[in-house]
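Since we're looking at a predicted model, the values are computed, not measured.
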Amino acid sequence: MCRSADVTHDVKQAVLAKNDDLAEALRNDLARQGTALVNLLSSPGSGKTELLGRVLARAVERGVPVAALTADLATENDARRLARSGAPVQQVLTDGLCHLEARQVRARLTDRLPAATRVLFVENVGNLVCPASYDLGESLRIVLMAVTEGEDKPLKYPTAFGSAHLVVVTKTDLAEPAGFDEDAFRANVHRVNPGVEIVRSCARTGDGVDTVLDRALAALDGTPPHHPPLAPRPHGAGHGHGHRPGPVHTAVDEYADDTRAQPRPATTPAS
């Protein structure tokens, strides 16, 4: 039994090591063409898609070349919604895989990312568990949480919140009826990620939209605005395979069957 557990651990670490190598190569390739990748993580229902749509639309208004990649287990609904912004959008269907991996992002971007793109927003699968363990080659990792999800969520999902360069609290227009204690939330975030910036946002009013876009643009110089304690890897550091703690138990089985999570050919949804 102990030998089996050791083998399983080694396989898990090999999966993460391979992903980290691909992510670092992708980050370097994007940097050479002047593009920053922003990885958006949240639970389902956090308002991530609606806020991202507002951010993309604001970027188009400001003349900033942006693009988006959105992942779901099924349907291209979110890609259609995001395409209304006027920005280029692509969909990845994971066919049950609970997270994106660097190989999927690279496969989708090959010959498809407009050359002038300054920021590529990647909307990860709605899940705060497995996605937290996978580096996608991002220059900025944003973790979002709605006021309706409870002030203690950062303590329940420390890997996700502890690896964020930026935390965004969404649906702030519902804070009062939801009884959201913002002070307690901020304290809990800073218990797992001291000093990380927390941005208030509301897609309905536009609050926080420009701030999120500005933080994404600031990541273009390759220097994250914050060094989280559980960062996927030190930016600019050598490999060393010092992988962050995180749940990869389900990812190993899913990774073994590579065909399950290949991006499907899809046309860019019409706006």
Side-chain angles (χ1 to χ4, degrees), residues 22-42 47-72 75-94 99-126 131 134-144 165-166 168 201 203 206 208-222 224 261-271:
L22 291 172
E24 186 67 11
L26 178 57
R27 182 164 30 247
N28 291 336
D29 289 347
L30 289 172
R32 279 191 288 271
Q33 70 182 59
T35 303
L37 190 156
V38 176
N39 186 7
L40 303 173
L41 280 69
S42 79
K48 177 169 77 269
T49 304
E50 186 65 24
L51 181 63
L52 176 56
R54 295 298 184 98
V55 171
L56 294 174
R58 188 61 53 84
V60 171
E61 290 173 6
R62 289 169 52 175
V64 179
V66 296
L69 185 67
T70 182
D72 271 309
T75 84
E76 297 192 3
N77 293 344
D78 284 353
R80 295 189 180 95
R81 293 186 182 102
L82 294 176
R84 296 171 190 156
S85 67
V89 178
Q90 295 185 52
Q91 178 80 54
V92 174
L93 298 182
T94 66
H99 60 274
L100 276 176
E101 296 176 10
R103 63 190 172 89
Q104 295 167 281
V105 176
R106 179 176 283 283
R108 179 54 72 179
L109 295 184
T110 303
D111 300 324
R112 300 182 185 182
L113 183 67
T117 303
R118 296 190 67 200
V119 179
L120 171 65
F121 291 93
V122 177
E123 182 184 19
N124 217 314
V125 178
Y134 285 83
D135 185 358
L136 300 184
E138 64 257 32
S139 298
L140 183 69
R141 175 176 288 198
I142 301 178
V143 174
L144 304 92
H165 299 114
L166 179 70
V168 176
S201 73
V209 169
D210 281 297
T211 302
V212 171
L213 179 56
D214 288 342
R215 298 299 182 271
L217 290 171
L220 280 169
D221 64 6
Q262 292 299 322
R264 293 180 177 178
T267 56
T268 301
S271 55

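In this structure, S42 and L144 approach most closely via the heavy-atom pair CB-O, 3.3 Å. For V119 against T117, the heavy-atom pair with the smallest separation is O-CG2, 3.4 Å. Of all heavy-atom pairs between A216 and V38, the closest is CB-CG2, 3.8 Å. Between V60 and A87, the shortest heavy-atom distance links the atoms CG2-N, 4.0 Å. Minimum interatomic distance between L26 and A102 (heavy atoms only, all atoms of both residues): CD2-O, 4.4 Å.
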Can you check side chain to side chain contact (heavy atoms under 4.5 Å, CB included) on L109 and L120, steps first, answer last? CA-CA 10 Å; L109 295 184; L120 171 65; 3.5 Å; yes
Take I142 and R215, measure what side chain to side chain contact (heavy atoms under 4.5 Å, CB included) needs, and give me the verdict at the end. CA-CA 10 Å; I142 301 178; R215 298 299 182 271; 5.9 Å; no
Before giving the answer on side chain to side chain contact (heavy atoms under 4.5 Å, CB included), spell out for T49 and L52 the whole-Å C-alpha distance, their side-chain angles and the decisive distance to 0.1 Å. CA-CA 5 Å; T49 304; L52 176 56; 5.7 Å; no
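The line from CG of L82 to CD of E50 is 9.0 Å long, rounded to the nearest 0.5 Å. Between atom CD of residue E123 and atom CG of residue L51 there is a gap of 10.0 Å, rounded to the nearest 0.5 Å. Taking CG of L140 as the start and CZ of F121 as the end, the distance is 8.5 Å to the nearest 0.5 Å. Atom CG of L30 and atom CG of L37 lie 6.0 Å apart (nearest 0.5 Å). Note: T94 OG1 to D72 CG = 7.5 Å, rounded to the nearest 0.5 Å. Considering CZ of R141 and CG of L166, their distance stands at 13.0 Å, rounded to 0.5 Å.
Judged by distance alone, with hydrogens and angles left aside, the side-chain atoms of Q91 form a donor-acceptor pair with the main-chain N or O of T70 at under 3.5 Å. A donor-acceptor pair is defined here as one N or O able to donate and one able to accept, closer than 3.5 Å; no such pair exists between the side chain of S139 and the backbone of A36. Here the side chain of R118 pairs no donor or acceptor atom with the backbone of G34 at under 3.5 angstrom. Put simply, the side chain of N124 never gets that close to the backbone of H99: no donor and acceptor are under 3.5 Å apart.
Put simply, the side chain of L113 reaches to within 4.5 Å of the side chain of Q33, judged on heavy atoms.
Under the rule for a salt bridge (charged side-chain N to carboxylate O under 4.0 Å, His left out), the partners of D214 that lie at least two apart in sequence or sit in another chain are R62. In this structure, the salt bridge (charged side-chain N to carboxylate O under 4.0 Å, His left out) partners of D78, at least two apart in sequence or on a different chain, are R81.
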